[in-house]
Amino acid sequence: MRIVLAGSTGVIGRRLGPLLTAQGHEVIGLARNGPVAVDVLDRDAVAAAVRDARPDVVMHQLTSLSTGDLAANSQLRRIGTRNLVDAALAAGVRRIVAQSIAWAYEPGAEPATEETPLDLGATEPRQTSVAGVAALESAVQEVPEWVVLRYGTLYGPGTWYARDGLMAQFAAAGRVPADADVSSLLHVDDAVAAAVAALEWPAGAVNVCDDEPAAASEWVPAFCAAAGVPAPAVTVGERHGWARGARNGLARTQLGWVPTFPSWREGFATV
């Protein structure tokens, strides 16, 4: 297939492009500094790039996370996704695969499933991130065949959670709490594998995360040990209601996706 890969120079995109090419697809990479240089906030430029590419599929792996500016990332999800979806529809694209997150769900006692509503009533600063996710997912669903990949917290080479990543720096400064908040994690290579598989998946949202949701009091010290930075003191207290993790049962049991790293316990050795 001809595939427009938006975000081709990002942590997932730069792994995903060569893998797709190796499988025989023709990949047209869009990024601010990519093979096709496009600012996705420039509506006309995105429309022209997608029209000229004539893709069968658009893969949306856009983020703006290098500086940790969550507001900028939310803007990209809202405006960049809108521009990309409109361009895809105008070009007659029938399938889009888009990156979302698995921690935008409303509060609850158990790890969330795909049927759990998004946390649209969240207060700031969380509201900014959730609103961006909601806008992205709503726009993507306008394409006839859509798959939303709700990734867990990414770790591994090139991510925030790597030996040289942003969170290792924060952890060294004592700015990563080891508290009761629960996360579901995901090795970056497993995220890439899911994106490739999603070319064939039925329409819908899918949690893509490992098998072991865990409290930060468990996984943060393990990450710090792997990254070679001092671990913070474990703190007690109640978790935030939304910090509940997510279940990957749909991806595993119905779609056949199996993570290479079923648990962060083994995966952190790669950071």
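Along the sequence shown, residues carry numbers from 1. Keep in mind that the numbers below use all heavy atoms, side chains included, and drop hydrogens, waters and symmetry copies.
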Trainee: Are Glu200 and Arg95 ion-paired here, with the side-chain N under 4.0 Å from a carboxylate O?
Mentor: no
Trainee: I'd like to know if Val182 and Val176 are part of one continuous hydrophobic network [Ile/Leu/Val/Met/Phe/Trp/Tyr, side-chain heavy atoms within less than 4.5 Å].
Mentor: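 Looking at the clustering, Val182 is in a separate group from Val176.
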Trainee: Any idea which heavy atoms bring Arg252 and Pro262 closest together, and the distance?
Mentor: NH2-CB, 4.1 Å
Trainee: I need the full list of side-chain hydrogen bond (donor to acceptor under 3.5 Å, both in side chains) pairs touching residues 228-243, with sequence neighbours left out, sorted by first then second residue.
Mentor: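 For residues 228-243, and leaving out neighbouring residues, the side-chain hydrogen bond (donor to acceptor under 3.5 Å, both in side chains) pairs sorted by first residue read Asp181-His240.
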Trainee: For Tyr161 together with Trp219, are the ring centres under 6.0 Å from each other?
Mentor: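 Between Tyr161 and Trp219, which both carry aromatic rings, the centre distance is below 6.0 Å.
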Trainee: Hydrophobic clustering (ILVMFWY, side-chain heavy atoms < 4.5 Å, transitive) - are Val148 and Trp257 grouped together?
Mentor: no
Trainee: Any side-chain heavy-atom pair from Glu145 and Val57 closer than 4.5 angstrom?
Mentor: no
Trainee: Report yes or no: do His187 and Thr270 form a side-chain donor-acceptor pair below 3.5 Å?
Mentor: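 The answer is yes; a qualifying pair exists.
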Trainee: Who pairs with Glu110 by side-chain contact (heavy atoms from CB on, under 4.5 Å), at least two apart in sequence or on another chain?
Mentor: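 Counting only residues at least two positions away or on another chain, Glu110 forms a side-chain contact (heavy atoms from CB on, under 4.5 Å) with Arg247.
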Trainee: Answer yes if Leu185 and Leu166 sit in the same cluster of Ile, Leu, Val, Met, Phe, Trp and Tyr residues linked by side chain heavy atoms under 4.5 Å apart, and no otherwise.
Mentor: yes
Trainee: Going by atom type alone, with no hydrogens or angles, which donor-acceptor pairs under 3.5 Å involve a side-chain atom of residues 128-135 and a protein atom two or more places apart or on another chain?
Mentor:
unit_1 : atom_1 : unit_2 : atom_2 : d
Thr128 : OG1    : Glu124 : OE1    : 2.8
Thr128 : OG1    : Glu124 : OE2    : 3.1

Trainee: Under 4.5 Å between any side-chain heavy atoms of Val85 and Val143, yes or no?
Mentor: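 Contact flag for Val85/Val143 side chains = yes.
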Trainee: Under 4.5 Å between side-chain heavy atoms, counting indirect links through other Ile/Leu/Val/Met/Phe/Trp/Tyr residues: same cluster for Leu84 and Leu76 or not?
Mentor: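 Linked, Leu84 and Leu76 end up in one cluster.
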Trainee: Would you check if Ile12 and Leu154 make a side-chain contact, meaning some heavy-atom pair closer than 4.5 Å?
Mentor: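 SC-SC contact between Ile12 and Leu154 confirmed.
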Trainee: Please tell me if the side chains of Asp210 and Leu186 come closer than 4.5 Å, counting only heavy atoms from C-beta onward.
Mentor: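 Not in contact.
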Trainee: CD/Gln169 to CH2/Trp160 distance, rounded to the nearest 0.5 angstrom?
Mentor: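 Here the interatomic distance stands at 11.5 Å.
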Trainee: How about Pro232 and Val220: do any of their side-chain heavy atoms sit closer than 4.5 Å?
Mentor: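 Pro232 reaches Val220 side chain to side chain.
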Trainee: Checking Asp211 against Asn248: is there a side-chain donor and acceptor pair closer than 3.5 Å?
Mentor: yes
Trainee: For Glu137, what residues pass the side-chain hydrogen bond (donor to acceptor under 3.5 Å, both in side chains) criterion, not counting sequence neighbours?
Mentor: Ser100, Arg150
Trainee: Examine Phe268 together with Tyr155 and report whether their ring centres are nearer than 6.0 Å.
Mentor: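 Judged by ring-centre distance (under 6.0 Å), Phe268 and Tyr155 do meet the cut-off.
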Trainee: Working to the nearest 0.5 Å, report the span between CE of Met167 and OG1 of Thr153.
Mentor: 9.0 Å
Trainee: Rounded to the nearest 0.5 Å, what separation is found between the CD atom of Glu218 and the CZ atom of Arg265?
Mentor: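 Spacing of CD (Glu218) from CZ (Arg265) equals 5.0 Å.
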Trainee: Does the side chain of Val93 come within less than 4.5 Å of Asp56's, by heavy atoms?
Mentor: no
Trainee: Please enumerate all residues that pass ring pair (Phe, Tyr, Trp, His ring centres under 6.0 Å) together with Tyr151, with sequence neighbours excluded.
Mentor: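 Here no residue qualifies.
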Trainee: Can you check whether Leu62 reaches Gln99 side chain to side chain, under 4.5 Å on heavy atoms?
Mentor: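 With C-beta onward as the side chain, the pair stays apart.
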Trainee: Kindly compute the distance separating CD (Gln141) from CD1 (Ile96), expressed to the nearest 0.5 Å.
Mentor: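 Gln141 atom CD to Ile96 atom CD1 measures 11.0 Å (nearest 0.5 Å).
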Trainee: Nearest 0.5 Å please: distance from the CD1 atom of Ile101 over to the SG atom of Cys209.
Mentor: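 SG of Cys209 is found 12.5 Å from CD1 of Ile101.
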Trainee: What about Leu255 and Met59, same hydrophobic cluster or not, with Ile/Leu/Val/Met/Phe/Trp/Tyr joined at side-chain heavy-atom distances under 4.5 Å?
Mentor: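 Cluster IDs for Leu255 and Met59 match.
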Trainee: Passes side-chain contact (heavy atoms from CB on, under 4.5 Å), Val192 versus Arg15? Steps please.
Mentor: CA-CA 7 Å; Val192 171; Arg15 289 168 168 79; 3.8 Å; yes
Trainee: Taking distance alone, no hydrogens or angles, what donor-acceptor pairs closer than 3.5 Å link side-chain atoms of residues 26-35 to residues at least two apart or in another chain?
Mentor:
unit_1 : atom_1 : unit_2 : atom_2 : d
Glu26  : OE1    : Arg2   : NH1    : 2.9
Glu26  : OE2    : Arg2   : NH1    : 2.9

Trainee: Got Val97 and His60 here, is their nearest side-chain heavy-atom distance under 4.5 Å?
Mentor: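 Heavy-atom side-chain distance check fails, nothing below 4.5 Å.
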Trainee: If I take atom CG from residue Leu250 and atom CD from residue Glu114, how far apart are they, to the nearest 0.5 angstrom?
Mentor: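 With rounding to 0.5 Å, CG (Leu250) is 4.5 Å from CD (Glu114).
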